[in-house]
Every structure is written in structure tokens, then in C-alpha cells.
Amino acid sequence: MFHIDHLGIAVNDLRQARSFYELLGMPVGPVELVEHEQVRAVMVQAGESRIELLEPTSPESVIGRFIERRGEGMHHVALHVDDIEEVFAEMKCAGMRLVSDELKMGAGGHLYFFVHPSSAGGVLVEICQNADADVAI
Ligand code: ZN
């Protein structure tokens, strides 16, 4: 079943960004380093969904360049699916513009891929499987 797994937000300073959610009393997870994406990430639990705070570890990273161009803010919407390989194949078949040619594996062992904003109404969409994983970029 589909649901919003998380909203990815690009921030300059994780500590500062997480303090907002802590003030609200929301559960904030530990900081995780995702080396292949060059980010440090924190997940904030929001009911069934989560908010993913992403701080670049390099200005050359995807998140670093995003902040450079557009400032901090909403970076992507992540949808959870039950069969990511089927969805990936369907999207490719339908000619959707995907950010990568293959599924990627996140820090928690879950799978994900990104759909380019030009194929998704101007929003970068992450499709992911396994909502229990700690980090999904
Ligand atoms: Zn994400």
C-alpha cells in the first residue's frame, strides 16, 4: 500500500533544525552518516510518516548544491511501496525520467530510487520500500 514514508528537508545545520521538532515534542532519531550521498540525516517521527532532515557533508553533494541554488527547504517527497522492483520497472516502461538507472540501497538496507521532478509535477519523488529503515535519502 502506498503512503508518504517521509518528507526530505535540506538544512544547513542539523542541530538547529532538529531543535524545532524537539520543541514540538516529536521523537527525533539519532544522526546517521550516509556516506554515498554525502549527508548526515536525522529522522523525526510524525505518526506513520517521518520528516528526514538532511545536512550536507560536502558543498559538492546533491544536498549541498540544492542549498546553494535554492536555500534550505523541502527537497523531496518519499512514497512507500510494497514492491519497489515492480514500480521501478513500470516507471521505466512508461518513460518516466528517473534520476538513476538502478535501485539504490540506503543505510538501513532498504531500497529506493528517485523520479525526476520533470516527470512528477515539479516535485522530486523518492520511491522506497521498507518503511522501518532508519534512513532513506
Ligand atoms: Zn528521503
Side-chain angles (χ1 to χ4, degrees):
M1 204 171 81
F2 289 90
H3 68 260
I4 294 179
D5 185 81
H6 63 271
L7 304 175
I9 300 177
V11 302
N12 281 318
D13 183 343
L14 266 189
R15 188 183 300 255
Q16 188 183 24
R18 66 183 285 165
S19 67
F20 169 77
Y21 298 96
E22 287 166 345
L23 192 65
L24 286 169
M26 295 169 76
V28 177
V31 175
E32 304 232 12
L33 179 66
V34 187
E35 289 191 39
H36 71 283
E37 300 282 4
Q38 295 182 292
V39 294
R40 298 195 317 138
V42 159
M43 281 292 189
V44 182
Q45 204 66 41
E48 275 194 23
S49 300
R50 299 175 292 174
I51 292 168
E52 176 182 58
L53 303 174
L54 300 162
E55 177 194 88
T57 57
S58 158
E60 304 306 316
S61 64
V62 170
I63 296 298
R65 282 185 276 125
F66 175 87
I67 291 176
E68 171 83 30
R69 280 198 317 271
R70 306 169 62 167
E72 293 180 295
M74 270 288 299
H75 180 258
H76 64 272
V77 174
L79 300 174
H80 173 266
V81 299
D82 289 332
D83 187 347
I84 194 168
E85 290 186 16
E86 183 186 333
V87 174
F88 185 71
E90 282 173 359
M91 295 251 168
K92 277 182 105 166
C93 204
M96 295 287 148
R97 186 172 168 197
L98 306 183
V99 175
S100 65
D101 278 340
E102 55 190 1
L103 296 176
K104 291 189 175 188
M105 188 171 287
H110 66 289
L111 295 169
Y112 67 96
F113 68 94
F114 283 96
V115 182
H116 194 274
S118 63
S119 286
V123 175
L124 178 63
V125 175
E126 174 183 350
I127 306 288
C128 61
Q129 188 178 343
N130 186 358
D132 294 334
D134 290 325
V135 177
I137 295 304

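Counting begins at 1 with the first residue of the sequence. Counting convention: from 1, in listed order, for ligands and their atoms alike.
- In this pair, His76 and Phe114 present their aromatic rings perpendicular. The plane angle is above 60°, beyond the 30 to 60° band.
- Taking 2.8 Å as the threshold, His6 counts as a candidate ligand of the Zn ion (ligand 1), since one of its N, O or S atoms lies below it.
- As for Glu126, its N/O/S atom nearest the Zn ion (ligand 1) is the one called OE1.
- Counting backbone and side-chain atoms alike, His76 contributes an N/O/S atom closer than 2.8 Å to the Zn ion (ligand 1).
- Taking each heavy atom of Thr57 and Arg40 in turn, the nearest pair found is CG2-CG, 3.5 Å.
- Within a 6.0 Å radius of CD in Gln16, other residues, nucleotides and ligands contribute 12 heavy atoms or fewer.
- The closest donor-acceptor contact from the side chain of Ser119 to the backbone of Arg97 lies under 3.5 Å.
- Residue Asp5 does not count as close to the Zn ion (ligand 1), with no N, O or S atom under 2.8 Å.
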